There are 2 protein chains.
Amino acid sequence: MKHYQTQAALMKALAHPVRLAILDVLRRREACVCHLEATLGQRQAYISQQLMQLREAGLIDSRKDGRMVYYWISDGRVYGLLDVLCGPAPVGGSYRADGCPCPYCAASIDAETIPVFSNKENSHAQR
Amino acid sequence: MKHYQTQAALMKALAHPVRLAILDVLRRREACVCHLEATLGQRQAYISQQLMQLREAGLIDSRKDGRMVYYWISDGRVYGLLDVLCGPAPVGGSYRADGCPCPYCAASIDAETIPVFSNKENSHAQR
DNA sequence: TCCATCCATTCAATAAGCTGAATATATTGT
DNA sequence: ACAATATATTCAGCTTATTGAATGGATGGA
């Protein structure tokens with residue numbers, strides 16, 4: 001019999017509405033905590049708690065830029081799973097969040113045309 | 001903000017190694033409890049407990065035939081999720097289990113060439 | 001340096017999930 | 001009717017997850 005332990009751990013990390021909501025945001029582009037806070041309407045500490053769990057599960061990674069910390073999906077399986085769960089991710093659009101001070105939202109930058117901030121390969125080609 | 005409650009419930013049902021193992025068996029064809037018991041090497045009562053949870057989550061359905069109860073996957077999303085989690089399901093093969101008294105295993109019937117027992121549409125086209 | 005902002009961490013109370021054990025139900029054959 | 005077989009259910013003890021609250025740490029601007 002195979003091991004389903006690792007797969008179950010992946011499912012467990014996704015088995016939470018707020019964590020799913022976070023990943024559904026992150027599959028469009030990387031985002032800072034304040035952006036998730038504004039988008040999801042949840043307290044900052046709570047968002048951070050869920051981000052920690054996602055990080056411990058190896059689903060996301062982060063980088064620090066000034067005061068902001070940007071998170072993105074680092075496990076390619078998440079994209080496929082979200083496609084089944086939520087349908088395909090919308091492409092394009094401004095994707096702004098009111099009250100979020102991050103450069104993405106301040107400039108209302110389109111998700112596709114970002115030369116400065118897009119440095120991680122989000123091309124769904126990871127494993 | 002969308003509801004991720006139903007999707008999270010689906011993930012929660014999958015967030016268990018034995019339940020994943022059960023579904024990985026069922027995605028090949030329907031199976032009785034004794035077949036799962038023999039295949040997974042788990043106690044019967046334990047298998048039944050997990051089957052109950054999968055049924056309550058709406059992922060599987062069952063039919064009774066004599067003393068046996070056959071289970072199959074009734075939520076089409078499960079196939080897509082298992083494809084991402086475990087890779088594509090193997091096709092063909094005898095798929096017998098030692099010690100299982102069900103007709104499938106007694107006759108060592110191939111998963112594809114079953115005229116008598118295959119009555120449910122397992123064509124992944126639901127939902 | 002001081003303050004405001006953005007994020008992370010710890011703690012505690014409650015809720016939920018896990019699983020072994022025991023037992024119940026239903027069906028078939030003798 | 002009785003026994004054997006296949007499956008379902010309930011219960012209890014234990015572990016784990018959830019979430020609000022409070023607080024800590026780091027960064028940048030004045």
Side-chain angles (χ1 to χ4, degrees), chain A residues 4-5 8-22 25-26 30-57 59-72 97 99-106, chain B residues 4-5 8-22 25-26 30-57 60-72 97 99-106 117:
Chain A
Y4 293 89
Q5 206 69 55
L10 172 54
M11 291 294 94
K12 193 170 290 188
L14 293 178
H16 190 287
V18 172
R19 291 199 291 274
L20 278 178
I22 289 173
V25 170
L26 292 184
E30 65 172 13
C32 54
V33 177
C34 55
H35 183 80
L36 295 167
E37 193 181 349
T39 304
L40 305 183
Q42 300 281 342
R43 297 173 307 114
Q44 174 270 317
Y46 189 47
I47 299 279
S48 272
Q49 285 173 343
Q50 305 307 138
L51 285 171
M52 281 310 98
Q53 292 191 240
L54 289 172
R55 168 139 65 181
E56 282 165 12
L59 272 54
I60 61 177
D61 204 348
S62 65
R63 69 184 170 87
K64 195 164 190 175
D65 184 13
R67 271 181 292 201
M68 318 281 193
V69 176
Y70 292 93
Y71 286 88
W72 67 89
C100 177
C102 80
Y104 284 124
C105 292
Chain B
Y4 293 89
Q5 207 68 55
L10 172 54
M11 291 294 94
K12 194 170 290 189
L14 293 178
H16 191 287
V18 172
R19 291 198 291 271
L20 278 178
I22 288 173
V25 170
L26 293 184
E30 66 171 13
C32 55
V33 179
C34 55
H35 182 81
L36 295 167
E37 192 181 351
T39 304
L40 305 182
Q42 300 282 341
R43 295 174 308 113
Q44 173 270 319
Y46 189 47
I47 299 278
S48 273
Q49 285 173 344
Q50 304 307 138
L51 286 171
M52 282 309 100
Q53 293 192 236
L54 290 172
R55 168 139 63 180
E56 282 165 12
I60 61 177
D61 204 348
S62 65
R63 71 183 170 87
K64 195 162 189 175
D65 185 14
R67 271 181 290 203
M68 318 280 193
V69 176
Y70 291 93
Y71 286 88
W72 67 89
C100 176
C102 80
Y104 284 123
C105 292
F117 308 108

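Just so it is clear, the structure is predicted and the values come from calculations on it, not from any experiment.
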Revision key, fill the gap. Reading nucleotides 2-8 of chain C from 5' to 3' and marking B where a protein heavy atom lies under 4.0 Å of the base, S where only the sugar-phosphate is that close, and - otherwise, the string is ---BSBB
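- Atom-to-atom, CD of B/Gln50 to P of C/dG17 comes out at 12 Å; the value is rounded to the nearest Å.
- Here C/dA21 presents its C1' atom at 16 Å from CD of B/Gln42, a figure rounded to the nearest Å.
- Between A/Glu30 atom CD and A/Cys102 atom SG the span is 9.5 Å, to the nearest 0.5 Å.
- Taken from CG in A/Leu40 to OH in B/Tyr4, the straight-line distance is 8.0 Å, to the nearest 0.5 Å.
- Between atom CE of residue A/Met52 and atom OG of residue A/Ser62 there is a gap of 6.5 Å, rounded to the nearest 0.5 Å.
- Within the 4.5 Å cutoff, no side-chain heavy atoms of A/Leu14 are placed close to those of B/Leu14.
- Under a 3.5 Å cut-off, the side chain of A/Arg19 and the backbone N or O of A/Leu54 do not form any donor-acceptor pair.
- Side-chain contact between A/Gln50 and A/Leu36 is absent, with no heavy-atom pair separated by less than 4.5 Å.
- Whole-Å rounding puts the A/Tyr46 OH to C/dA12 C1' distance at 16 Å.
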Practice item. Step by step, work out the side chain to side chain contact (heavy atoms under 4.5 Å, CB included) result for B/Tyr70 and B/His35. Key: CA-CA 9 Å; B/Tyr70 291 93; B/His35 182 81; over 6 Å; no
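- The footprint of chain A on DNA chain D, defined by a heavy-atom cutoff below 4.0 Å, extends from D/dA17 to D/dG28.
- The separation between A/Gln49 atom CD and C/dA12 atom P is 15 Å, rounded to whole Å.
- Atoms NE2 (B/His16) and P (C/dG17) sit 12 Å apart, rounded to a whole Å.
- Between B/Arg43 atom CZ and C/dA22 atom P the separation is 11 Å, expressed in whole Å.
- Side-chain atoms of A/Cys32 and A/Arg67, non-hydrogen and from C-beta on, never get closer than 4.5 Å to each other.
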